[in-house]
Amino acid sequence: MSLTERDIRAIADYARIDLPQDQLPAMTTYMNDVIETLRPIIEYDLEGVEPTYHPIGSLANVMREDAAVPSLSQEEALSNAPQSEDGCFKVPAILGGEQ
Amino acid sequence: MASETKMNHVQSPSSYAHGSVAQIKELIASRSVSAKEIAQNSLEFVKNTDHEVHAFTEVTEKLALEAAEKIDKLVADGEELPALAGVPVAFKDNMNLLGTKTTCSSRMLENYHSPYTATCVQKMLDAGAIPLGKLNMDEFAFGSSTETSAFGPSKNPYDLERVPGGSSGGSAAAVAAGQAILTLGSDTGGSIRQPASFCGVYGFKPTYGVISRFGVVAFGSSLDQVGPFARSIDDIAESMNVLCGRDPYDCTSQASLGSYTEHLHDSIKGKKIGVVRSMIEAQGVTPEVTEAMYKAAENLEKAGATLVDVELEHAQAAMSAYYVIGPCEAFSNLSRFDSVRYGYCTPDCADLATQQSQSRSTGFGAEVCRRIMLGSYLLSSGVYEQYYLNALKVRTLITRDYENAFTSCDTLLMPTAPRAAFKFGEISDPTEMYLSDMFTVSINIAGNCGISVPVGLGSSSGLPIGAQLVGPAFKDQELLQVAAALGSAYGPASVAPQFAQSL
């Protein structure tokens, strides 16, 4: 079952990508092509095989002392922000932007 | 090597960056040349050549001269010189360095100023290296040719009409063009080894965890690893002595494995090399690559190694596992580009959701959007269980394949890439481009170490070809030892002919 342009639009919305209408057909083709090449993954017999999440299997939790260390200043942390005000990141309305 | 030949080479250099770490050390220690002269000369060579190569996204003249001044002060004070004193280096533009932008070759980060310095970069600087600048890459490291860079591709120094490979294409091209002695790149699925192969230089992806990734923009967190490029295995080993070790800021980083130089040139007599015939003769591999691999096997045998045939049963599944795990991790990592804290922001949007969607579609290029879309889909409910979970199970099988292979041999030999460098625009289908990584991705999936060794020019293309040697996890020094033995059959990689004399 292949993905439709409508599916692609929904995925783009979820991923917060404003995909232009004229790019929708090419993206749909691409997604279906790649998913076809990934077919071996769903056809493999993986009965009883455990997943590996991380290449260092033996890695235990890494702990450190809960001690304060120097960090970025507020000014440094804000220095790359597109918009800031009064030492805060500034964003447009989260809800009801049209009003 | 006789010191006479060494000196002949550096007496009339077109650039000091054409030399080696050992040569620079000798020149500085003997007070023949100051670090400042090396820095100025290297910067000038970059300026004179980069309009052709386009390896750099930013040249850091001020930082280079400041670093050189420190070295010259050490020399004047008679202090001991650090390991890379005066060595001209450069960094892939996904590595933060205070005083530079870190763009990932993306519009998204075009104006992003590094708020701190990455550990790997800091270690090179602490060792006295001279930072010449930041290097071009595929946008956010998604690609195999640098053609996805928002600032235009880098060129292959062996043929300017061909790609340097990617994603660390600028890092490979800078070394091949003699613009730097050492560069750093990152490798998520082959992004160090494949461009090294295309540009005829050494490119080493250490075992996952050997070098800290703190300060390097993340792509696939369970796959990413930093590593060096150089024209000789000795310089790779010198840089590894500096780069490795535990970093409290990267919890995956491991304690240093010890010296990389001490046993580098020990004999490989008695070592077993596993020849992976199914890869060497795979469909899509050009005859000159197959020929070069068997020649490399022969050279390893002459150096005293024993050849054994090895098969990796699940190698076929590695590509599909990679193109599930990679995009899923990338989707997650790239969600941090929210148009609020840093990165491109579309002005005057009515609400935050619109601002985020528009900023991301404007700031990210086409390939970045494709990977995010793919990851988003593969992680969605119902799809996750079919693809992502299965890919992680296949990861277990691939890891076991390597463990089994290493019970019968010490090192594996396979091609780095199926072919030599292709022309710009030659591969336009993204899924076809992904095949460039067919022999490199499984090593990232399993987490062990791999290096591309330049093994001469292809018999039909006349372009550089790389042989990939793969070692078990945390046997990085032993891998470099085999690479040294293989490399000695070909001599050190040279600067590409077109740039050897261009100052």
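Below, chain A is the first sequence line, B the second, and so on; all start at residue 1. A quick note: this is a predicted structure, and the numbers were derived from the prediction, not measured. All heavy atoms count here, side chains included; hydrogens, waters and symmetry mates do not.
- Heavy-atom minimum distance, C345(B) versus Q83(A): SG-NE2, 4.1 Å.
- D18(A) contributes no side-chain N or O that, together with a main-chain N or O of S361(B), makes up a donor-acceptor pair within less than 3.5 Å.
- Note that the NE2 atom of H54(A) and the OH atom of Y208(B) stand 3.5 Å from one another [nearest 0.5 Å].
- The line from CE of M373(B) to OH of Y14(A) is 13.0 Å long, rounded to the nearest 0.5 Å.
- The environment of D22(A) atom CG is dense: over 12 non-hydrogen atoms of other residues, nucleotides or ligands sit within 6.0 angstrom.
- Between Y377(B) and D7(A) there is no side-chain heavy-atom pair separated by less than 4.5 Å.
- Distance check: I41(A) CD1 to N390(B) CG gives 6.5 Å after rounding to the nearest 0.5 Å.
- For the atom pair OH of Y323(B) and CG of L38(A), the computed distance is 10.5 Å after rounding to the nearest 0.5 Å.
- For T431(B), the part lying near chain A is the side chain, with the backbone staying farther off; criterion is any non-hydrogen pair under 4.5 Å.
- Judged purely by atom type and a 3.5 angstrom limit, R360(B) uses its side chain to pair as donor or acceptor with the backbone of A15(A).
- Proximity to chain A (any heavy atom under 4.5 Å) is restricted, for Q355(B), to the side chain, taken from C-beta onward.
- Ring planes of Y44(A) and H314(B): tilted class, angle from 30 to 60°.
- L374(B) places a side-chain heavy atom less than 4.5 Å from the side chain of M31(A).
- The distance from atom CD of Q23(A) to atom CZ of R370(B), rounded to the nearest 0.5 Å, is 9.5 Å.
- Of all heavy-atom pairs between G343(B) and P82(A), the closest is O-CG, 3.4 Å.
- Between chain A and the residues F474(B), F331(B), Y387(B), the most heavy-atom pairs under 4.5 angstrom are made by Y387(B).
- When heavy atoms are compared at a cutoff of 4.5 Å, P430(B) approaches chain A solely by way of its side chain, counted from C-beta outward.
- Distance alone, capped at 3.5 Å, is enough to place a donor-acceptor pair between the T396(B) side chain and the E50(A) backbone.
- At a 4.5 Å heavy-atom cutoff, the contact between A446(B) and chain A is made by backbone atoms alone.
- Looking at every heavy atom in both residues, G447(B) comes nearest to P55(A) through CA-CB, 3.7 Å.
- No other option in L78(A), T37(A), I11(A), V91(A) has as many heavy-atom pairs under 4.5 Å with chain B as I11(A).
- For chain A, the nearby part of N111(B) is the backbone; its heavy atoms alone come within less than 4.5 Å.
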Where do L46(A) and L397(B) land on the side chain to side chain contact (heavy atoms under 4.5 Å, CB included) test, with the steps shown first? CA-CA 9 Å; L46(A) 295 165; L397(B) 299 179; 3.7 Å; yes

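- At most 12 non-hydrogen atoms from other residues, nucleotides or ligands lie less than 6.0 angstrom from CD of E75(A).
- For a residue to count as touching a neighbouring chain, one of its non-hydrogen atoms must lie under 4.5 Å from one of that chain's; by this rule L109(B) does not touch chain A.
- Q386(B) CD: more than 12 foreign heavy atoms inside a 6.0 Å radius.
- Taking SG of C251(B) as the start and CG of N61(A) as the end, the distance is 8.5 Å to the nearest 0.5 Å.
- Between chain A and the residues C369(B), G209(B), S380(B), the most heavy-atom pairs under 4.5 angstrom are made by C369(B).
- Contact annotation for Y53(A): both backbone and side-chain heavy atoms come within less than 4.5 Å of a heavy atom of chain B.
- Only the backbone of S339(B) comes within contact range of chain A, with at least one heavy atom under 4.5 Å from a heavy atom of that chain.
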